[in-house]
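Below: one structure, written as structure tokens.
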Amino acid sequence: MERLARFSISLPESLLEEFDRWIEKKGHTSRSDVLRQLIRNYISETYWEEGTKEVYGTVTLIYDHHSHDTAQELTSLQHDFSDIIICSTHIHIDHDHCFEVVVLKGSSASVKKFIDALNGLKSVYHTNPVFTAIV
């Protein structure tokens, strides 16, 4: 296990009280655990924004599978990015709409290109990427 370093921070008392209420409400065990998680999230987000590290995550999308050749376009796109796609799950919402989750692992630059390509498809109504990195 890695050695722990201790540090102190100064906060307005009202902010600390709100933080403690939030920690209790969310069921966390300690301030330290929450701060470690928040710091990792922030650093992962920076990796994602800078495009410099390998990231892991999902892209959730909703699309109309009757419009144009959406299913074929999505399949083709996923084949184009097969080096970063681990798997995908497809769910039929109703007669016209599908919900798909694509699990990805790769450089954030490659993942961003994939998401941009998804967003360029006319029948894709919604994309929601969620990513993290090992910090």
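On a predicted model such as this, the values are computed, not experimentally measured, just so you know.
Under the 4.5 Å side-chain heavy-atom criterion for Ile, Leu, Val, Met, Phe, Trp and Tyr, I86 and V101 are members of distinct hydrophobic clusters. Linking Ile, Leu, Val, Met, Phe, Trp and Tyr residues whenever their side-chain heavy atoms come within less than 4.5 Å places L38 and I23 in a single cluster. Linking Ile, Leu, Val, Met, Phe, Trp and Tyr residues whenever their side-chain heavy atoms come within less than 4.5 Å places V111 and L121 in a single cluster.
You'll find the side chain of E45 stays beyond 4.5 Å of the side chain of F131, heavy atoms only. In this structure, the side chains of T70 and D64 stay at 4.5 Å or more apart for every pair of heavy atoms. Put simply, the side chain of N128 does not reach to within 4.5 Å of the side chain of V59, judged on heavy atoms.
A 6.0 Å sphere centred on CD1 of I91 holds more than 12 heavy atoms belonging to other residues, nucleotides or ligands. Within a 6.0 Å radius of CD in E49, other residues, nucleotides and ligands contribute more than 12 heavy atoms.
The line from OG of S123 to CG of L61 is 11.5 Å long, rounded to the nearest 0.5 Å. One finds the OG atom of S107 at 14.5 Å from the OH atom of Y47 (value rounded to the nearest 0.5 Å). Distance NE2/H90 to CG/L74: 9.0 Å, rounded to 0.5 Å. Separation of atoms CG (L15) and CD (E13) is listed at 11.0 Å; rounding is to 0.5 Å. Rounded to the nearest 0.5 Å, atoms NZ (K112) and OG (S108) are 5.5 Å apart.
In this pair, H65 and H92 present their aromatic rings perpendicular. The plane angle is above 60°, beyond the 30 to 60° band.
Using modelled atom types, no side-chain atom of S110 and backbone atom of G106 make a donor-acceptor pair closer than 3.5 Å. Looking at S44, its side chain never comes within 3.5 Å of a backbone N or O of T132 through a donor-acceptor pair.
Taking 4.0 Å as the cut-off between side-chain N and carboxylate O, R21 and E24 do not count as a salt-bridged pair. Remark: K113 does not engage D116 in a salt bridge, criterion side-chain N to carboxylate O under 4.0 Å.
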> Checking side-chain contact (heavy atoms from CB on, under 4.5 Å) for the pair K122/E73: CA distance, chi angles, key distance, verdict?
Replying inline: CA-CA 10 Å; K122 291 181 182 179; E73 289 174 333; over 6 Å; no

> Could you walk me through whether F99 and T89 pass the side-chain contact (heavy atoms from CB on, under 4.5 Å) check?
Replying inline: CA-CA 8 Å; F99 173 89; T89 300; over 6 Å; no

>> Under the criterion side-chain contact (heavy atoms from CB on, under 4.5 Å), I'd like the reasoning laid out for T46 against K53: C-alpha separation, chi angles, the key distance, then a yes or no.
In response: CA-CA 9 Å; T46 302; K53 298 280 184 172; over 6 Å; no

>> Please evaluate residues H66 and H97 with respect to the criterion ring pair (Phe, Tyr, Trp, His ring centres under 6.0 Å), reporting the C-alpha separation (whole Å), side-chain torsions for both, the decisive distance (0.1 Å), and the verdict.
In response: CA-CA 8 Å; H66 288 299; H97 301 95; 8.9 Å; no

Between side-chain atoms of residues 77-84 and protein atoms elsewhere (two or more places apart, or another chain), which donor-acceptor pairs fall under 3.5 Å?
| residue | atom | partner | partner atom | Å |
| --- | --- | --- | --- | --- |
| Q78 | NE2 | E100 | OE2 | 2.8 |
| S82 | OG | H79 | O | 3.3 |

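Considering T127, I85, T60 in turn, I85 is the only one that fulfils the side-chain contact (heavy atoms from CB on, under 4.5 Å) rule with V102.
Residue L4 shares its hydrophobic cluster (ILVMFWY side chains chained together at separations under 4.5 Å) with no other residue.
With ring centers used as reference points, Y63 lies 6.0 Å or more from H126.
In this model, a donor atom of one side chain and an acceptor atom of the other lie less than 3.5 Å apart for Y56 and E54.
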